[in-house]
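This report refers to the structure that appears directly beneath it.
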Number of protein chains: 2
Amino acid sequence: MPSKSAPAPAKASLDAISLNPSPPKGLRAANAALKPSFKAQMLQAREDAIIQAVNRLLAEKGFDLMTVDEVAAEVGIAKASLYKHFPSKEDLAAAAMVHMISRARYFLDHLPISAKPIDKLKSLVRWMMGLQLTGQMPSLPSQNSSLRANLIANKVYLEGLIQVSDLIGEWIVEAQKDGSLCQQTQPIVVLYTLYSRACDPVLEFLKAGGQHTDDEIIEIVIATCFDGLSARQPAKS
Amino acid sequence: MPSKSAPAPAKASLDAISLNPSPPKGLRAANAALKPSFKAQMLQAREDAIIQAVNRLLAEKGFDLMTVDEVAAEVGIAKASLYKHFPSKEDLAAAAMVHMISRARYFLDHLPISAKPIDKLKSLVRWMMGLQLTGQMPSLPSQNSSLRANLIANKVYLEGLIQVSDLIGEWIVEAQKDGSLCQQTQPIVVLYTLYSRACDPVLEFLKAGGQHTDDEIIEIVIATCFDGLSARQPAKS
DNA sequence: GTCTATATCGCGATAGAC
DNA sequence: GTCTATCGCGATATAGAC
């Protein structure tokens, strides 16, 4: 079912313009006088379409099984044109990751300020799991060396990741102070654990089981993640 | 550090004979009269060496990045010889998985009978995490279609997996009855969650952090897995 | 900057001698 | 059953015309 038929070339480009309102784009294009330079806009839109295709394929097949030919086919352009935008497959994946970091920062910045830290953390995990269940979370096999090297060399990605991690880290510390989060667990461990939920294979298992909706799966994993598998006294709230 | 230098060809073969005492081998060789057929023994030992190498490489690089040439080099035989034992790369991985299932059944069967079900479950998770931390847990990217098809077509693997799952499932139900395991969580969800700990990326994160020993990491993840991240009343035990 | 066509190469799998 | 040598294919990346 997923494969050889040419996948509607024009659609991806259009979607990339209308959809994805998350992070505001075209800042650079909007400042150079009144004329945003249509050319630059088109170029930006095409790059967005590329990144969107990469993200989808990365989520569907992972980095190793994703081919540059597929990306080009999904965007509807020639492979050689792709390489004019991104000099390598690794850079393609890196751009997709930068985009995800950007979406994450936008999501975190727009959480209700009044929410309790523990609820912000849960919202984050729900969001990440939702992305994975809907095939939007790029999965980079953590073992590929060339890809990792390329990623940690990418300052935009790395600084974004650090900023996001710092923000989440503050919430973790706050949640520990207000008594809603386990104080025996080191904040860094909490952070890693939350990140790991974004690629937890249990999501795929449950989805394959077909007995639950995506939302049900998310609540199940949220419960096991925060409340644990052991029996617990009925919560006071 | 990991790579191009030819990796000590002879060693793997010898280790395969002396090490790996877990599941008893050579049953077939031992029955045909008094003479176990040295030839068959050597052949069996070589196949064990192959499987051991595959398991290690599978754990180190994953299925996609593992090459058959590497396996042959690590075992110390020619690639063509490998293909006389296993007709494809997928069969190679399948054999490694069958071996792991076998080890798991042996481990489960030799847990102290007197142990409480909840402790049996924790022991299992500890064992799986220990395997992953020491590079013995093969990681099969759950996305590869041809590999999955090959695996579920492998009756030995599938039946073994079902047997193991049934056994664990019984413990889960018992642990829920005796009040040590959360009764609101469906047994199948518990099972999937436990399995997922075997390939939880949080292990790699913590190991990369370098701040904890393997045993410490295991206890940390056991705690977050069973007790959750949320604050909890001091346990009564 | 986009295209078609091609270079280059790594990897799974085989041929055929011994 | 083991070896050396090679095929065949698919994938990344590039050349060169427009």
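Naming: A, B, ... by sequence-line order, numbering from 1 per chain.
For Arg46(B), no side-chain nitrogen or oxygen approaches OP1 or OP2 of dG1(D) to under 4.0 Å. Contact annotation: Ser81(A) reaches the phosphate of dC3(C) (side-chain N/O to OP1 or OP2, under 4.0 Å).
Here the P atom of nucleotide dC3(D) and the CD1 atom of Ile77(B) are 6 Å apart, to the nearest Å. Atom CG in Asp91(B) sits roughly 13 Å away from atom C1' in dG12(C) (whole-Å rounding). The interatomic distance linking Glu70(B) (CD) with dC11(C) (P) rounds to 7 Å, in whole Å. Regarding Leu92(A), its CG atom lies at a distance of 10 Å from the P atom of dA13(D), rounded to whole Å. One can place CD of Glu47(B) at 14 Å from C1' of dT2(D), the figure rounded to the nearest angstrom. Computed from coordinates, the Met66(A) CE to dG10(D) C1' distance equals 16 Å when rounded to whole Å. One interatomic measurement links the two molecules: NE2 of His85(B) to C1' of dG1(D), which rounds to 7 Å at whole-angstrom precision. Rounded to whole Å, atom C1' of dA11(D) lies 14 Å from atom CG of Leu82(A).
With sequence neighbours excluded, the residues that form a ring pair (Phe, Tyr, Trp, His ring centres under 6.0 Å) with Phe107(B) are Trp127(B). For Phe86(B), there are no ring pair (Phe, Tyr, Trp, His ring centres under 6.0 Å) partners at least two apart in sequence or on another chain. For Glu47(A), the side chain to side chain donor-acceptor pair (under 3.5 Å) partners at least two apart in sequence or on another chain are His85(A). Every residue two or more places apart in sequence or in another chain was checked for a ring pair (Phe, Tyr, Trp, His ring centres under 6.0 Å) with Tyr195(B), and none qualifies.
Listed by first and then second residue, the ring pair (Phe, Tyr, Trp, His ring centres under 6.0 Å) pairs involving residues 201-220 of chain B are Tyr192(A)-Phe205(B) (not counting sequence neighbours).
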Exercise for review: Assign a letter to each nucleotide of nucleotides 13-18 of chain C from its 5' end: B, base within under 4.0 Å of a protein heavy atom; S, sugar-phosphate only; -, no contact.
Suggested key: BBB---

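Test Lys61(A), Arg56(A), Lys79(A) against Glu74(A) for salt bridge (charged side-chain N to carboxylate O under 4.0 Å, His left out) and you get one pass: Arg56(A).
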